[in-house]
Structure formats: C-alpha cells, structure tokens
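For reference, the structure discussed in these notes is given below.
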Amino acid sequence: MATTINAVALDESPIPEHISKAKQTVDPYNVTGEVGDDGVMKAIDYTKLVEEFGTKLISTELLERFEKVTGKKPHRFLRRGIVFSHRDFELILDRYERGEPFFLYTGRGPSSDSVHVGHTIPFEFTKWLQDTFDVPLVIMLTDDEKFLFSEKRTIEEVQGYCSSNAKDIIAIGFDPAKTFIFSDFEFMGGAFYRNVVRLSKCITLNQARAIFGFNDSTNIGRIHFGSIQGATSWASSFPHIFGTDEKTTTQIPALIPCAIDQDPYFRMTRDVSARIHHAKPSLIHAKFLDALQGPGTKMSASVDESAIFMKDTPNQIKNKINRYAFSGGKVTVEEHREKGGDSTADVSFQYLRFFLEDDGELERIRVSYESGEMLTGELKAICIKELQSYVAAFQERRAKVDDAAVGLFMERRPLQWVGNAHAPRVVPVVEKSGDGADTAEGGDGKLTKNQLKKLEKLKQIEVKKALKAKEKEEQTVTAE
Ligand code: TRP
C-alpha cells in the first residue's frame, strides 16, 4: 500500500532522477522514507534530516524564550514536536523583542483543487504566527513551479487552481489587512524580478545540481525556479508593503514556516543573502502528516482514500477513518487488552496529536490506548469527532470566501500591522520613488508616498461608507 501511494505522489512531480530505491529522500520534489529489505517504506527519520540539512531541533529552552518574549503559550505543533526544526528562529525573537521589523512568508503550489488536511497544517501554523507577531505575511502561489515540474499540466490549468487555492488559504482565517497573496505568473516583474535575477546570478549549475539533484536532462526552467521561490524571502521584492528604499528593505528578514522538504530552496537563499548583504531568512520547519495508510506514506491530492479532504462530509470522514486509518491495535481484543496498542504507529492517535488541543486529554488517551484499556474502535471514534469538527469549521469559513475576497487579498496594496505593541516600533521608511507610475498598479509595483497616502484615504472613505450603510440598515431594522 505504502508504495502505491508514493508512486502516485512521485508521478505528480516527476523528478525521481536522483532517487535511490533504498535511501530516504526529502527534497522539494520527492518525499520518500527509506525502503527496508522487506520492500516496505519506513517512516521519515527526522533526526537524520536535521543532521543532513544542518538545521537545529527546536529545544525546550527556545520554546521557553518564545513564551517569555511573546507572552503566549507555544502552539500545540510546537509543544508536540510537529513543528520541530529551525534556522535562526532565535534571531526573529530578538527582533520581535526589540520592535524591529520582519515578515512571514509561506506558499503553496497550486497543483489541484483538492485540499486535504495535510495541506492546511503549515497554513494553520502560519496564521497562528501572524496572530502572535502581528506582522505582514506574503503567500506565494507557485503556478509556474507546478507547470514546470509536471509533464502534463498546462499553464491554463495551474492558473485555474490559483483562485480556488487562494480561497482555501483565505478560509484558514488570515487577516486581509496584513496578508498579500500572489501568483508568480501575475506578480513577476519590477522589484520582484530584479531580486530573482540577483539571486540566480549567484547560483551556478553545479550548485543547483548539488542542492536539488538536477541532471543534464532537467529542463532549465526547473533549474531556474529556485531563484523565484528564493527571491520571495526578500522584503525588497515587495515595495508596496515595505517601501522602495533598499537600504531599509534589504535589512528586513523573513520568517518562513514550511514543511521540511522546502528547506533546500532557502538554504540556497540564505547563502546568497549573506553574499549580497541582504538579511537572511529564518525558517521554522514542520513534519508531514502521514497518509491514512500509516507511517511512511504520504497524503496525495489525487488518491481519495489516502487522506481526509477539506471537502469531505462528516460521513465520508467517518468511513475513511474506520476503513483505512492504519491501526496500532492488536489483532484480537484479548491480545490488545493484554499487550496494549502502539500509539506511535496508530494513525488515529497521530492525527489527534495534530488536531486535539487539550494536552491532558491527549495524554489520557495515549495511556489508556497503550495499556490496552482503550480499543482501536474507541480511539477511532474520538479521532472522527475531532476531524469532523475541524473540517466543518473550515467549510463554514470557506463558504463565505468569494471572488471579491480573493481580489482583495491579491491586490498590490500597503498592509497594516503593529508588531510588538510593547516594544518601540522601528518603522521602515517608505521613500519617494523617482520613476513613479501614477496608478497603484504601476508596472513595477512601487508605490510613491503620495500614492500610499491616496490609497489610505480611499480606504478610510470605504470604511466610513460601510459604517454609514450599516447604521442605516440597523435603523431600518429597528424601525420595522
Ligand atoms: N514550493 C511550494 C509547494 O510546492 C510552494 C511554496 C513557495 C512554499 N514558497 C514557499 C512553501 C514558502 C512553503 C514556504 O507547495
């Protein structure tokens, strides 16, 4: 089973050129565990990844520091080691403490309309970081990547997914005043493209091969793509948010929450950043949510029984968990009662680690299951309930996201944020750009001081109008 699921996942991103059958491979295009002598794929060895990639495990001390600086209890993903590794996260905490600017950056490859629970993990976490730090967030939709890395997909197809994917992302609950979503095809140009080229100029073919495993038959679009995903880490790519003074904007770092497979892009970007005197991005890495088939398998958007999808009905969720969720229980009830279940292998328990907020309850379930007191069926029932409510809450928000909302999030506009309200805020200066186009959509995305003022004024008028309309409406309601 494990191999089938992964074969499909590979077929979606056909770069298995450097993949070896036996070894664990984790890069942006392949995520496969080690295949043992018995031909069964093992779970991803995350400790090994941290060593190989040269990242750091998130320590208890770092979490304590986080709590002290932000006054907030770490998210359950942090408490449970689901978000487990980082690069320079402590530098972001330093900046937050001092009131210095930074921003959040994450993204998604729009490869299909079907979003599963696994896709929502990094976004849930990013939203929480946005709420915690109150900083701007840019979300990149890599439609170009999904075209370049697929044999079949057309440009029209991937562009078509952008709007529905944006709606799914918005439904996570991001604040429109602080969030800019963009498609690469649409946003490319101006300051962004200048940074893409600055980055690509610093990467040789040899380096790209070493980092990503490309070979002589790889199309050159794929080889170049890393500079696009990388350049988004630089605040100077977003003059409508951070202004046009590169003396300031090059000093504003990104914090990138992502799944660990995206690290190679940013390892490369951090090297180049240091060379061209741009602030290096910091990273905070998440593990993957296993497919229903168990450890070592990966959810696939094209395999319905591999995942719980955000469109699934309560009944579908129930049936999928009951039928497919790999169980850590014993074969007979007698044996289970005697020896207990294996919570680390049990998919329902693993999903509860991701979705059940209450630490005490999670621990009670673990103890009860491992002692044999709780049976697999009971554990599954708890998991079903949690997932049903997670998915239903998402669906409720998703139903309210319309095209106008997508338009708002994807519009080039200034964002508003406060950062650390308890620290003196260091504001990046927005300088007047000499070559100013007159409209907000000016080709290179730069906004002059006057344009910013104008936009702000227009926004305030909008708000006032809306308030008045609301007052009127309320009056008529009371009159009736
Ligand atoms: N390459 C990612 C994907 O295929 C999308 C992405 C772009 C991304 N920039 C990112 C993901 C930054 C995490 C962080 O899904």
Side-chain angles (χ1 to χ4, degrees), residues 9-10 12-15 26-31 53 55 77 83 85-87 89 102-116 118-127 129-130 136-150 153 158 161-162 164-166 168-169 172 174 179-188 192 195-196 199 211-212 221-235 237-238 253-270 273 280-289 298-302:
L10 281 182
E12 283 191 332
S13 313
I15 277 226
V26 176
D27 64 37
Y29 324 114
N30 309 281
V31 178
F53 285 6
T55 68
F77 295 167
V83 171
S85 146
H86 75 106
R87 291 182 188 273
F89 183 51
F102 63 93
F103 70 107
L104 289 162
Y105 157 36
T106 193
R108 169 167 160 81
S111 54
S112 89
D113 271 334
S114 349
V115 172
H116 55 59
H119 290 132
T120 67
I121 300 293
F123 287 106
E124 282 286 337
F125 187 61
T126 303
K127 174 189 153 38
L129 288 174
Q130 180 183 62
L137 160 66
V138 299
I139 301 177
M140 173 186 219
L141 299 174
T142 54
D143 38 16
D144 50 353
E145 177 190 24
K146 291 299 146 179
F147 173 66
L148 287 165
F149 284 86
S150 154
R153 287 185 201 111
V158 292
Y161 298 139
C162 272
S164 71
N165 280 201
D168 292 325
I169 291 169
I172 298 288
F174 295 105
T179 309
F180 174 54
I181 304 179
F182 68 94
S183 115
D184 286 352
F185 282 135
E186 297 300 320
F187 188 55
M188 189 53 63
F192 183 31
N195 277 342
V196 168
L199 211 165
I211 299 167
F212 299 106
R222 290 183 183 185
I223 295 167
H224 177 257
F225 173 74
S227 37
I228 300 175
Q229 179 150 336
T232 304
S233 319
W234 292 340
S237 297
F238 304 96
L255 170 62
I256 309 174
C258 60
I260 185 83
D261 63 325
Q262 299 296 306
D263 186 72
Y265 285 125
F266 303 118
R267 210 181 308 151
M268 177 183 86
T269 308
R270 281 166 56 88
S273 302
K280 278 187 194 177
S282 289
L283 286 119
I284 184 155
H285 303 110
K287 293 180 182 172
F288 307 105
L289 186 61
K298 188 171 174 267
M299 290 191 175
S300 167
S302 51

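Below, each value reflects all heavy atoms present in this structure, side chains not excepted, and no hydrogens, waters or symmetry copies. Order of appearance sets the numbers: ligands from 1, and atoms from 1 within every ligand.
- Taking a heavy-atom cut-off of under 4.0 Å, ligand 1 is surrounded by Tyr105, Thr106, Gly107, Arg108, Gly109, Met140, Thr142, Glu145, Lys146, Gln229, Ile256, Cys258, Gln262, Phe266.
- Residues satisfying the side chain to side chain donor-acceptor pair (under 3.5 Å) test with Arg108, not counting sequence neighbours, are His119, Asn165.
- Between the side chain of Ser227 and the backbone N or O of Leu199 there is no donor-acceptor pair closer than 3.5 Å.
- Side-chain N or O atoms of Asp143 include one that pairs as donor or acceptor with a backbone N or O of Phe185 at under 3.5 Å.
- For the pair Pro257 and Phe125, the tightest heavy-atom approach, listed with the atom from each and the gap, is CB-CD2, 4.2 Å.
- Side-chain atoms of Ser237 come within 3.5 Å of backbone N or O of Ala231 as a donor-acceptor pair.
- Formation of a donor-acceptor pair under 3.5 Å by the Arg87 side chain with backbone atoms of Leu283 is not found in this model.
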